[in-house]
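One structure below.
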Amino acid sequence: MDVSQYLSVFLDEAKEHLQSLNDNIMTLEQDPENEDCINEIFRSAHSMKGMAGTMGYTRMQNLTHDMEDVFSDVRAGKIKIKSADIDVLLQCLDAIQGYVDSITENQDEGTEEHQNIIKSLADIRNGGASGGDAASAAPAGEAAAAPAEEGASSDGPAPGADGTTDYRAIRLDSSVKSTLEEAKAQGKKIFGVTVHIEESCILKAARGFLVFKGLEEIGEIAVSEPNTQDIEDEKFEYSFSLILITEEGKEKIEEIVKAVSEVESCDVGEFDPSGAKPAEDKDAAPAAETAPAPAAAPAAAPAANTPAPAAAGGGGAGGGKKPVGKPVVNRTVRVDIDKLDVLMNLVSELIIAKNSLISAANTSGVSNGNVNEQIEYLESVTTNLHESVMKVRMVPIESVLQKFPRMIRDLNKTLNKKMELTMTGEDTEMDRTVVDEIGDPLMHLIRNSADHGIENAELRAQRGKPEVGQIFLHAFQDGNSVVIEVGDDGNGIDAEAVKNKAIEKGVVSPEQAALLTEKQCVELLFHPGFSTAKVVSEISGRGVGLDVVKSKVESLSGEVTVKTKLGEGSTWVIRLPLTLAIIQALMVIIGQEKYAIPLDSIQSIEDVSPKDIKFVENKEVINLRGSVLPLVRLNEVLDTDSTKSPDEDMVVVIARKGDSLAGLVIDELMGQQEIVIKPLGKYTNKCKLISGATILGDGEIALILDTNSIF
């Protein structure tokens with residue numbers, strides 16, 4: 001079978017599982033007894049093993065299989081994960097990541113066997129096995145992880161003894177039992193069905209759904225073990241059981257179940273509700289009292305096996321007759337970003353056509369009420385369509401931030417410092433293209449805080465600071481922008497040290513350095529090749545980092561600033577647009593040309609009299625409500641002639657960049673408009689003043705001004 005067509009799905013799934021493994025192993029280091037984490041790690045390792053095996057990547061399959069074995073023993077209570085074991089597990093994840101990276105590049109996993117890691121995983125298992133008969137002391141819930149080969153018998157073992165379930169051991173609450181007895185009295189047949197899915201199956205939940213769907217066509221499913229939610233979430237091993245009310249025979253049931261691919265076998269037999277064990281409800285105690293007993297769940301089969309409506313209905317009329325709902329399939333679909341780009345482009349063209357129609361109607365003087373009404377309706381529809389497409393492209397920034405806790409853990413050991421990372425706003429959404437690009441800049445800033453920002457333990461103690469250094473990352477939406485702050489409570493930036501280093505490297509002359517403000521000194525850190533590190537290490541010192549941050553952020557039409565106080569810490573502030581495709585802009589006229597200024601960078605619009613202009617250091621400034629702002633005449637910047645006479649009042653657009661404000665002098669205002677950004681290509685890369693162009697309703701081209709480069 002040609003599996004290359006599934007490669008992109010495999011890589012997406014593998015990256016999700018790797019991130020899940022990283023997160024859960026980090027949690028496990030803090031809480032070694034966390035059963036949920038152990039189960040999730042086991043499931044992810046098992047899924048990756050099956051995926052790799054299906055795709056033919058045997059080395060990756062072997063490594064994930066050994067990792068799965070370790071957590072199988074952990075679940076069974078044979079071993080306990082120690083701090084030293086976490087390092088081995090993280091090395092294992094790095095090795096798997098290496099396989100995934102290799103497959104991404106050339107569809108081949110490479111030749112690295114990672115025998116040292118496989119041996120270390122075996123040592124973890126052997127070290128735990130010598131600790132006596134831990135399995136017998138394990139809670140019943142943990143015993144579910146014992147290998148499936150042990151004790152599998154045809155006599156219907158209790159569920160959990162070998163990680164499987166059996167319909168004979170399903171417990172019934174009173175409402176389900178009465179439903180079954182009523183069906184039996186009506187002459188209907190009641191069958192118990194246990195379905196065994198192949199161990200190599202990747203999508204167990206999908207197989208469960210198909211089995212449920214097929215059986216519901218011939219009858220009514222009264223109860224299942226595990227419950228439908230657990231089957232949907234793949235919270236089961238390789239088998240599940242159910243009780244079916246039907247008028248069909250045993251052969252028909254077997255035929256339906258075995259018609260589903262990757263079903264290994266099924267056991268079907270008549271079920272007698274009168275002989276079934278009752279659910280352990282402790283004299284109708286609330287379900288909430290029995291729910292927090294995960295350790296006994298597989299062996300005792302608690303009331304969670306019954307349908308949620310029946311449990312909640314308290315024996316209400318008809319409550320027991322409602323069948324278990326079919327497993328809910330996740331209603332999401334993976335879409336290639338290129339397809340979304342095409343869709344966005346089509347919406348962009350539609351908006352341009354809408355603007356053209358509005359312009360044509362205005363210029364031709366059409367006053368037909370019906371035409372105007374239809375134009376307004378078209379405008380409403382295109383705006384809603386644009387917003388819907390934008391929402392499809394928006395993804396939480398969390399996907400970028402997930403890798404940083406692991407990075408801080410590794411830096412703690414490498415730098416021999418104690419640091420803690422706090423993150424907020426992970427659910428803040430941005431355009432997918434921006435999220436894909438912002439990972440590297442954030443990584444450089446966090447590494448910079450860890451290496452240069454956080455002091456060593458002795459210096460922190462002298463300054464009266466806590467031993468553990470704090471690094472924080474906050475993301476939040478601010479208007480049409482997303483702001484990401486990365487900072488620390490460390491040393492802060494020594495402006496004098498930066499200035500001296502700049503003089504030493506020849507970035508500035510001593511005369512120029514003497515005129516620099518503290519803020520300008522700090523901004524020298526963004527100069528390519530600039531580093532204050534005294535020793536080059538694998539962490540920093542090569543002068544690559546902050547210049548990458550600045551260039552990448554500016555390429556995304558964003559800006560980066562820094563706030564710092566020596567001895568107290570620094571905060572780097574990145575401001576990025578929500579999207580790079582369609583924006584709200586202020587249309588202006590400068591000279592004979594039309595220009596667009598992004599609305600997000602505008603604070604206000606002012607009328608200024610020429611007599612209000614003052615001079616500071618031979619540069620024009622205005623006093624605006626107590627603040628002195630520099631004036632920038634855009635006609636001079638753009639090398640064009642102004643259409644206004646010198647004694648006329650000026651229209652000044654107050655633009656902002658971080659905490660800085662400036663007044664941009666224009667000739668005429670046109671108004672606000674939704675515009676489509678069209679990139680100008682590599683030929684205009686050197687012109688920092690222009691960030692793109694847009695097509696107006698009358699077919700004219702208007703250039704989009706990048707206010708950040710004007711400051």
Side-chain angles (χ1 to χ4, degrees), residues 3 6-29 34-72 74-75 81 85-86 88-105 107-110 112 114 117-118 121 145 197-208 230-238 262 329-330 332-334 395-396 398-407 409 426 436 439:
V3 294
Y6 305 118
L7 185 62
S8 61
V9 177
F10 165 78
L11 289 172
D12 286 343
E13 293 281 350
K15 287 168 185 172
E16 285 179 14
H17 284 304
L18 271 170
Q19 190 57 58
S20 172
L21 286 167
N22 261 302
D23 294 345
N24 283 295
I25 288 174
M26 293 285 291
T27 305
L28 196 64
E29 184 173 31
N34 191 319
E35 272 189 44
D36 289 339
C37 269
I38 292 167
N39 291 332
E40 194 59 45
I41 292 168
F42 176 82
R43 280 193 289 270
S44 292
H46 173 73
S47 297
M48 287 197 75
K49 177 192 77 172
M51 289 159 49
T54 303
M55 297 295 292
Y57 299 128
T58 53
R59 293 179 178 85
M60 183 174 170
Q61 181 186 11
N62 292 338
L63 192 56
T64 47
H65 178 68
D66 288 347
M67 187 175 178
E68 179 191 19
D69 286 344
V70 168
F71 281 93
S72 178
V74 174
R75 294 172 84 203
I81 292 294
D85 300 336
I86 297 292
V88 175
L89 294 170
L90 291 175
Q91 286 174 21
C92 182
L93 293 190
D94 290 340
I96 297 170
Q97 182 69 60
Y99 285 138
V100 172
D101 291 342
S102 179
I103 293 166
T104 304
E105 289 173 17
Q107 298 189 19
D108 182 64
E109 63 180 338
E112 182 61 61
H114 294 294
I117 297 176
I118 290 174
L121 291 171
I197 296 175
E198 291 177 3
E199 290 192 19
S200 59
C201 176
I202 299 174
L203 301 171
K204 294 186 293 184
R207 303 304 167 214
D230 284 347
I231 292 174
E232 174 202 337
D233 295 338
E234 292 198 355
K235 294 180 179 177
F236 66 101
E237 296 302 325
Y238 310 111
E262 296 187 290
V329 178
N330 226 356
T332 58
V333 60
R334 293 182 189 275
V395 293
E398 179 183 18
S399 58
V400 175
L401 309 186
Q402 285 174 329
K403 60 186 176 184
F404 295 139
R406 162 79 191 278
M407 190 175 84
R409 178 194 182 274
E426 297 99 319
D436 288 345

Side chains of [X] and [Y]: does their closest heavy-atom pair fall under 4.5 Å?
| X | Y | value |
| --- | --- | --- |
| D101 | Q97 | yes |
| F71 | L89 | yes |
| I86 | R409 | yes |
| Q402 | N22 | no |

- Task: Sequence neighbours left out, what passes ring pair (Phe, Tyr, Trp, His ring centres under 6.0 Å) with H17? Give chain and number order.
- Result: none
What are the two closest heavy atoms between [X] and [Y], and how far apart are they?
| X | Y | result |
| --- | --- | --- |
| M60 | V100 | CE-CG2, 3.9 Å |
| V70 | I81 | CG1-CD1, 4.3 Å |
| C201 | R207 | SG-CG, 3.7 Å |
| G110 | S102 | N-OG, 3.9 Å |
| F236 | I231 | CE2-O, 3.7 Å |
| M67 | C92 | SD-SG, 3.8 Å |

- Under 3.5 Å: donor-acceptor pair, side chain of E426, backbone of P396: no
- Query: Does the S47 side chain pair with the main chain of R43, one donor and one acceptor, at a distance under 3.5 Å?
  - Reply: yes
Working to the nearest 0.5 angstrom, can you tell me the gap between [X] [atom1] and [Y] [atom2]?
| X | Y | atom1 | atom2 | answer |
| --- | --- | --- | --- | --- |
| T27 | N34 | OG1 | CG | 7.0 Å |
| I25 | I38 | CD1 | CD1 | 11.5 Å |
| L121 | D69 | CG | CG | 9.0 Å |
| M26 | D23 | CE | CG | 8.5 Å |
| E29 | C37 | CD | SG | 11.5 Å |
| D12 | L7 | CG | CG | 9.5 Å |

- Identify whether the distance between the nearest side-chain nitrogen and carboxylate oxygen of D94 and R406 falls below 4.0 Å. yes
- Note on the structure: Of E40, E35, E237, the one forming a salt bridge (charged side-chain N to carboxylate O under 4.0 Å, His left out) with R75 is E237
- Take L21 and M48 through the side-chain contact (heavy atoms from CB on, under 4.5 Å) test and state the conclusion after the steps. CA-CA 10 Å; L21 286 167; M48 287 197 75; 4.0 Å; yes
- Task: Please work out which of the three classes, parallel, tilted or perpendicular, describes the rings of Y99 and H114, given edges at 30° and 60°.
- Result: perpendicular
